[in-house]
Structures are given as structure tokens and as C-alpha cells.
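As a basis for the values below, the full set of heavy atoms in this structure was taken, side chains included, without hydrogen atoms, waters or symmetry mates. Both ligands and their constituent atoms are indexed starting at 1 by order of listing. Note that this is a predicted model, so its numbers are computed, not measured.
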Amino acid sequence: MPITHVEKIWMDGELVPWENAQIHVLSHAVHYGSGVFEGIRAYETARGPAVWRLDEHLKRLFRSAKLYHIEIPFSLEALTQGTKDVISANGLESCYIRPLVLRGYGEMGVNPLDAPVDVAIAVWPWGAYLGEEALEQGVRIKISSWRRNNQNSLPAAAKATGQYINSVLAKVESLKAGYDEAVMLNEAGYVTDGSGENVFVVRDGIVETPPISAGCLDGITRDSVITLARDLGFEVREQNLVRTDLYNADEAFFTGTAAEITPIREVDDRVVGEGHRGPVTKELQGAFFAATKGEDERYLSWLTFVND
Ligand SMILES: Cc1ncc(COP(=O)(O)O)c(C=O)c1O
């Protein structure tokens with residue numbers, strides 16, 4: 001999806017013009033994938049723009065950085081303020097937010113420890129990641145022939161830029177085969193996640209999703225949906241799923257910051273359930289979007305209001 005150009009990007013503590021937010025071609029991260037990042041959304045609410053679960057996203061950013069021995073030269077509070085500032089400076093009511101911490105220019109060779117650390121927070125308006133109509137009609141997916149990174153090769157707990165080349169392989173394979181998205185299995189054959197989404201199924205009214213130990217990202221939307229589903233009275237189970245569990249589900253859907261809650265209508269050319277968004281998925285979408293818009297008081301603590 002093309003990026004919509006806005007005015008400013010927060011870079012190393014300052015708001016700079018969009019076109020000035022640049023790094024050198026010899027930056028360590030460009031060569032070795034030594035960056036960590038987050039994907040966050042801000043939603044329009046009656047009290048102005050509000051960032052969805054900002055604290056959890058920034059904490060995950062710090063955990064990703066720690067894993068790679070990257071010391072972020074800003075505090076969590078400074079990045080919270082930077083996120084609010086860059087949304088305000090661009091006059092956005094809702095947007096996607098991309099904090100990025102990367103090993104910069106000055107050192108070559110695999111050892112990153114002496115390379116400087118650069119930090120940016122970019123924002124731009126971004127619609128439904130898998131298409132507006134996908135939120136209702138659902139997407140067609142393929143089980144990837146590419147296995148998800150083994151956790152002892154590249155840890156699923158980190159959102160590191162270089163790790164995403166695994167997702168890129170799966171995504172491109174699925175697109176070239178005519179599908180919308182891929183789901184990767186781990187080496188044991190259990191479902192992990194999509195190229196940028198967690199996966200859920202609904203069977204006999206029970207909501208199921210792979211455990212983090214399967215090797216999927218500890219998704220923040222996944223966590224939100226588990227809470228919302230339980231609060232709606234559904235039983236939620238974190239348990240291993242095999243590919244046929246997706247084929248035979250009554251409903252299946254993706255969760256993710258970009259994809260929000262997107263129904264899955266076909267897996268490997270097998271129609272899932274009725275072949276369109278099911279009632280549980282619809283109910284969860286309703287609860288999720290009410291919460292993100294600040295319309296459900298129970299989840300107000302998940303919102304950081306930009307104008308407060
Ligand atoms: C591989 C992968 N799985 C799952 C997710 C969903 O995570 P979240 O809900 O925190 O955006 C993402 C997106 O960040 C992802 O890249």
C-alpha cells in the first residue's frame with residue numbers, strides 16, 4: 001500500500017520535514033536488518049485522536065531492543081510524548097504509527113555494538129490493511145511453504161526489521177499464487193501466524209488461537225481480542241492448531257494492528273464456514289472498534305489521548 005506523505009517525522013527527538021528523515025546507505029540496519037520497530041494505530045474519538053495501547057507497544061519496542069542489545073537513547077515517556085507530538089504536528093485524527101530504532105552509520109561488519117542508534121517515529125493515514133471490503137467479506141489465504149523462523153534462530157518475541165524477510169517470503173508466495181495473505185507453520189507443523197497478523201478460529205462457539213510458544217508474535221491486538229472475547233462471555237483457548245483446524249473451523253480471522261480484525265473466508269481453496277464473516281467475528285469487530293473509538297468505558301485505559 002502506498003504511503004501518504006505528511007508534513008513531519010519525529011527523528012532523534014526533533015520534528016523534521018518528511019523529506020529530511022533520511023539515513024545513510026551504509027547504515028548497519030540496511031545491511032544486516034539490525035533494527036526494531038512497532039506498528040501502532042491512533043483512532044478518531046470524541047476527545048480527538050487516541051493511540052491504541054501505546055504503552056504496550058512501546059514496552060514491546062524496548063523488549064525487542066533489549067534482545068538485540070540495542071540501548072534506546074530515549075525513555076518510554078519521551079517516546080510517548082514524541083508519538084503524541086508527531087500526530088499533533090501533522091494534524092491527524094487517525095493514523096498508523098511506525099516507531100523505528102535502528103543501528104545507524106559509522107561501523108561496518110556484523111558486530112553492531114559500536115554503531116550509533118537512531119530513532120524515528122513516522123505517522124501517516126492508513127486504511128484497512130487487507131482492503132476495506134476484506135473487513136466484511138474476508139480474505140483468501142494460503143498455508144505458506146515457508147516455515148516460520150525457528151525461535152532458536154530468530155526469536156518470535158522480537159519485532160526486528162531483519163526478521164521480516166521471513167514474512168516477505170511468505171507474503172509474496174501467497175500473492176503470486178493469487179491469495180491475499182499467508183499463514184506460516186512452525187517446524188512441528190503447528191500454525192504460528194500470518195506475515196503480519198495473528199490467527200484465530202471459532203469452533204462450536206469457542207474461540208481458539210495458537211499459544212505464544214508456537215512461535216507467533218505476542219500480538220497486542222491478539223491480547224485485546226482475547227480480553228474482549230472473554231468479556232463478551234466466550235471461552236477462549238490458547239492451543240496449538242494444525243492446518244486442517246483452519247479448513248474445518250466455523251469461522252477464522254486475523255488480528256493485527258494493521259489488519260485489525262479481518263475475517264478469513266478461504267484457506268487453501270477450502271471455504272471456511274459460510275465463506276464470509278461469521279457472527280462471532282462480527283461481534284468481536286463491533287466490540288473492538290467501539291473500544292478503539294473510546295465508546296466503551298471499560299477499555300478507556302487502553303487509549304492515550306493525544307490532546308490530553
Ligand atoms: C508476524 C506478526 N504477527 C502478528 C502481528 C500482530 O501483532 P499486533 O497485534 O501487536 O500488531 C504482527 C504485527 O505486528 C506481526 O508482524
Side-chain angles (χ1 to χ4, degrees), residues 1 33 35-43 51-65 67 83 95-101 122 126 128-130 135 139 141 143-144 146-151 153-174 180-186 190-201 207 209-229 236 238 241 246 252-262 264 284-285 287-289 291-292 299 302 304:
M1 284 169 88
V36 294
F37 70 104
E38 270 304 317
I40 317 175
R41 274 190 192 268
Y43 288 90
V51 185
W52 180 248
R53 306 202 65 179
L54 179 59
D55 213 44
E56 288 85 349
H57 279 284
L58 291 179
K59 283 183 176 150
R60 189 169 67 185
L61 182 72
F62 277 86
R63 288 199 302 274
S64 298
L67 217 144
T83 304
C95 60
Y96 185 78
I97 305 159
R98 170 54 57 84
L100 173 68
V101 178
W126 226 22
Y129 180 64
L130 294 167
L135 289 176
V139 289
I141 69 163
I143 303 294
S144 183
W146 296 100
R147 293 298 162 111
R148 177 76 145 101
N149 299 320
N150 180 294
Q151 297 198 65
S153 301
L154 289 169
K159 262 182 93 68
T161 58
Q163 293 182 207
Y164 274 78
I165 211 72
N166 182 216
S167 282
V168 167
L169 285 171
K171 179 80 186 182
V172 171
E173 179 187 68
S174 69
D180 304 304
E181 184 53 282
V183 160
M184 284 180 280
L185 306 179
N186 61 22
Y190 293 115
V191 173
T192 61
D193 45 8
S195 70
E197 310 86 1
N198 290 105
V199 190
F200 283 74
V201 295
V207 178
T209 193
I212 301 306
S213 57
C216 57
L217 182 73
D218 191 356
I220 289 163
T221 321
R222 175 186 181 278
D223 178 72
S224 307
V225 166
I226 289 173
T227 302
L228 292 168
V236 182
E238 294 179 66
L241 301 172
L246 302 189
F253 58 88
F254 278 132
T255 66
T257 297
E260 298 167 310
I261 299 177
T262 300
I264 297 170
L284 289 169
Q285 280 181 332
F288 177 75
F289 286 118
T292 57
Y299 309 109
W302 280 350
T304 298

Exercise. Looking only at heavy atoms of Gly194, does any of them come nearer than 4.0 Å to an atom of ligand 1?
Worked result: yes

Exercise. Should Arg98 and Glu38 be marked as a salt bridge (Lys or Arg N to Asp or Glu O under 4.0 Å) after you check the CA-CA gap, both sets of side-chain angles, and the distance that decides it?
Worked result: CA-CA 6 Å; Arg98 170 54 57 84; Glu38 270 304 317; over 6 Å; no

Seminar exercise, completed: min-distance protein heavy atom vs atom 3 (N) of ligand 1 -> Asp193 OD2, 3.0 Å

Seminar exercise, completed: The closest protein heavy-atom partner of atom 6 (C) of ligand 1 is Asn198 OD1, 3.6 Å

Exercise. Gln163 and Asn149: which non-hydrogen atoms are nearest, and at how many Å?
Worked result: O-ND2, 3.7 Å

Exercise. Which bit of Glu197 gets closer than 4.0 Å to ligand 1, counting heavy atoms only: side chain, backbone, both or neither?
Worked result: backbone

Exercise. Considering only protein heavy atoms, which is closest to atom 9 (O) of ligand 1, and at what distance to one decimal place?
Worked result: Thr221 OG1, 2.6 Å

Exercise. In terms of residue, atom name and distance, what is the protein heavy atom nearest to atom 7 (O) of ligand 1?
Worked result: Gly219 CA, 3.5 Å

Problem set entry | Distance-only polar pair, side chains of Glu181 and Ser195, donor-acceptor under 3.5 Å | yes

Exercise. So, for Phe37 and Tyr164, is the gap between ring centers shorter than 6.0 Å?
Worked result: yes

For this session: Answer yes or no: does an N/O atom from Arg148 fall short of 3.5 Å to an N/O atom of ligand 1?
Result: no

Exercise. Which ligand 1 atoms does Arg60 reach within 4.0 Å, using its non-hydrogen atoms?
Worked result: 10 (O)

Exercise. Less than 4.0 Å between a side-chain N and a carboxylate O, is that true for Arg148 and Asp193?
Worked result: yes

For this session: May I ask you to check if ligand 1 and Ile220 share an N or O to N or O distance below 3.5 Å?
Result: yes

Exercise. Taking non-hydrogen atoms only, is Ser195 closer than 4.0 angstrom to ligand 1 via side chain, backbone, both or neither?
Worked result: backbone

Problem set entry | Ionic contact status for Asp223 with Arg53, cut-off 4.0 Å | yes

